[in-house]
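Before any comments, here is the structure.
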2 protein chains.
Amino acid sequence: MDVRRLELLRELAERGSITEVARATHRTPSAVSQQLRVLEREAGLPLTEKAGRGIVLTDAGRALARSATDVAIALERADALWDEFRHDPTGEVSLATFPTGGQMLLPGVLHRLAGQSGLTLHASDRDPVSEGFPDLTNDFDIVVAHAPSRPPSLWYGRGLSIVHLITEPLDVALPPGHPLADQASVSPSDLIGEQWIGVPWGYPFERTLYDISAAAGAPVNIVQRFADTRVTEALVSSGLGVAILPRYTAGGAYLTSDSLPRVALKPLSGMRAERHIYALMRPDRAERLAVRTIADLLRAEADAIREANPTRS
Amino acid sequence: MDVRRLELLRELAERGSITEVARATHRTPSAVSQQLRVLEREAGLPLTEKAGRGIVLTDAGRALARSATDVAIALERADALWDEFRHDPTGEVSLATFPTGGQMLLPGVLHRLAGQSGLTLHASDRDPVSEGFPDLTNDFDIVVAHAPSRPPSLWYGRGLSIVHLITEPLDVALPPGHPLADQASVSPSDLIGEQWIGVPWGYPFERTLYDISAAAGAPVNIVQRFADTRVTEALVSSGLGVAILPRYTAGGAYLTSDSLPRVALKPLSGMRAERHIYALMRPDRAERLAVRTIADLLRAEADAIREANPTRS
DNA sequence: CCTGAACCGGTAGCGTTCCTACATGGACGT
DNA sequence: ACGTCCATGTAGGAACGCTACCGGTTCAGG
């Protein structure tokens, strides 16, 4: 039983097709197929079965793939151990984040990282359009994701390592001269009749809009829908409506001219409106010293942001 | 970082010399040396250093070897998992035991095993002369050992898997017509003045003789010393002295003629006299389904023996 | 119904890897 | 000083895993 073969089985379990595994591991599909065939012969029972054009794992195959994860974890832990012996968290770490998460965390992380030479972070942003955001952990060491509720139950089933980074309040963004802008906080009933700048269907903050609607007992009137909070913020700033925006990322430095007015962020009273930001990692990758270092930096930066913003719920 | 190389490092940590590792893994010393050299180059720091004719591991080498154990455990667990999927605890298990341990447990275990075909047990006995009994775990899947005290602290340091099988009382063996043979139990002071059949220096029960001597406040008079309990028992049976014998193994069926009288076993009162019997396994080997099956049989047989002998402490 | 796309699997051949056989060199004991 | 033991180099051979290429199957669309 070879570890490399087990690793292939594991990739197959996570990616679902031999071609995808081949692409991810820089091999030919034929090579992958051959190795899996050898593994199956060693196992003595079928690990895959045909399903249409592709194949699916049998129960035995899935179980074996799970144990392959434990092997990978032990291996990466050994790797990390001797990295520690060299005091050398060197290497490359890839990171994917949703846009506002990167905006909030990456500047600080990269500044902290400037001290640590030899450790390079390749970050890129992805739109959290699809529900398959956790799938990115197959291709990135760290995936910064967010969810409205505390434990994203869907993620646990995949055995992902989950690090909670920060809980970010979702505020109501108002134009500067808005009547409600003088209040310390606004309640859902205050907002009846407002025009809303929302997000596209299925996007993150939609749930909060529903909650407001339910709490106020009146529908929210969504006149525009944008995925990019910069657009939303520009519209709110121009007095075209109100919106839900995350507290630590809205009102930032991305307005082109300093003379332009910003938005007023007001906490929502009488209801819970927040999003939880997590770092997701495949458990084997989470063992790498370089990955753990970056994860620690992310958490440190998130803590700094939380402390710099006094709680005014 | 290859698993096979890590495994070699682990073997080196346990066996101490490249030649021994080569012999154990059916390779040439040169091959072992080459692979360790590659591993060292990958690690980027020295794993071994010369010591006289041989080599010793550096601290880093030992640490890496420890993590290699975790990898081996994960691998064996995967192996066992798919054995379970096939409902097939097949394979060969090697076992080493001290003589009376084998006498007590092996007949029952082998009978129980007769039902399970495809699983073969290769057992052999070793004299527990040396202190290096746990070293046998390198060459045997299961080592049945005994110790006078509860947790043999020396064994824990090696990270061995330890399964407690049974606590066997150590009784006083008396000739059938001996004056004390009518009592339910005998105390150390009862035994003052007796002639003892002991064990060679450093052998298991010697400590109990010391304890008796201390409790009685008088020295014990050891006139003969034998390692084999059959000899001891034959002498006691002939009225040539008394001895300490383990309750479940003494008085057995190994007297040649049925007409010969046996010995009377009397519990020692007023002091603790017992030995603890354990199954020792290297943790990776302990994961194998076949090994676990045999270990379970050992424990079942030990439980049966304990229940068949009512406690009359 | 036929065609094209997507995917899995088989075969031949090549490159890499890892082992053996043999030889070298240092450390220890007699 | 010599033999022994142990680790470690070098050359060659065998095995393994990959690529390139081809065939078979399934499914969607005209």
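Values below: all heavy atoms of this structure, side chains included; hydrogens, waters and symmetry mates excluded. Each chain gets a letter, A, B and so on, in the order the sequences are listed, and its residues count up from 1.
A heavy atom closer than 4.0 Å to some atom of DNA chain D occurs in A:Gly52, A:Arg53, these being the qualifying members of residues 38-66 of chain A. Contacts with DNA chain D (heavy atom under 4.0 Å) in residues 11-33 of chain B: B:Ser17, B:Ile18, B:Thr19, B:Pro29, B:Ser30, B:Ser33, listed by number.
Atom CZ in B:Arg5 sits about 13 Å away from atom C1' in C:dC19, given to the nearest Å.
Across the interface with DNA chain D, nearest-nucleotide mapping of B:Arg37 and A:Leu8 shows B:Arg37 to be the residue nearer the 5′ end.
Note on ring orientation: taking the six-membered ring where Trp is involved, the planes of B:Phe205 and B:His146 are perpendicular (angle over 60°, cut-offs 30° and 60°).
Expressed to the nearest 0.5 Å, how far CG of B:Asp284 lies from CG of B:Leu75 amounts to 9.5 Å. To the nearest 0.5 angstrom, A:Arg282 atom CZ is 8.5 Å from A:Asp139 atom CG.
For B:Asp70 and A:Arg77, the salt-bridge test fails: no basic side-chain N is under 4.0 Å from an acidic carboxylate O. Using a 4.0 Å cut-off between a side-chain N of Lys or Arg and a carboxylate O of Asp or Glu, B:Arg27 and B:Glu11 do not qualify as a salt bridge. One finds no salt bridge joining B:Glu7 and B:Arg4 here, because no Lys/Arg side-chain nitrogen approaches an Asp/Glu carboxylate oxygen to under 4.0 Å. With salt bridges taken as basic N to acidic carboxylate O contacts below 4.0 Å, none links A:Glu76 and A:Arg292.
The two atoms that bring A:Ala145 and A:Leu280 nearest to each other are CB-CD1, 4.0 Å, heavy atoms only.
Between the side chain of B:Thr28 and the backbone N or O of B:Ala31 there is no donor-acceptor pair closer than 3.5 Å. Under a 3.5 Å cut-off, the side chain of B:Arg285 and the backbone N or O of B:Thr137 do form a donor-acceptor pair.
Here the range on DNA chain D touched by chain B, meaning any atom under 4.0 Å from one of its heavy atoms, is D:dT4 to D:dT10.
Distances shown here put a side-chain N or O of B:Arg4 below 4.0 Å from the OP1 or OP2 atom of C:dC19.
Base contact: B:Gln34 has a heavy atom under 4.0 Å from a base atom.
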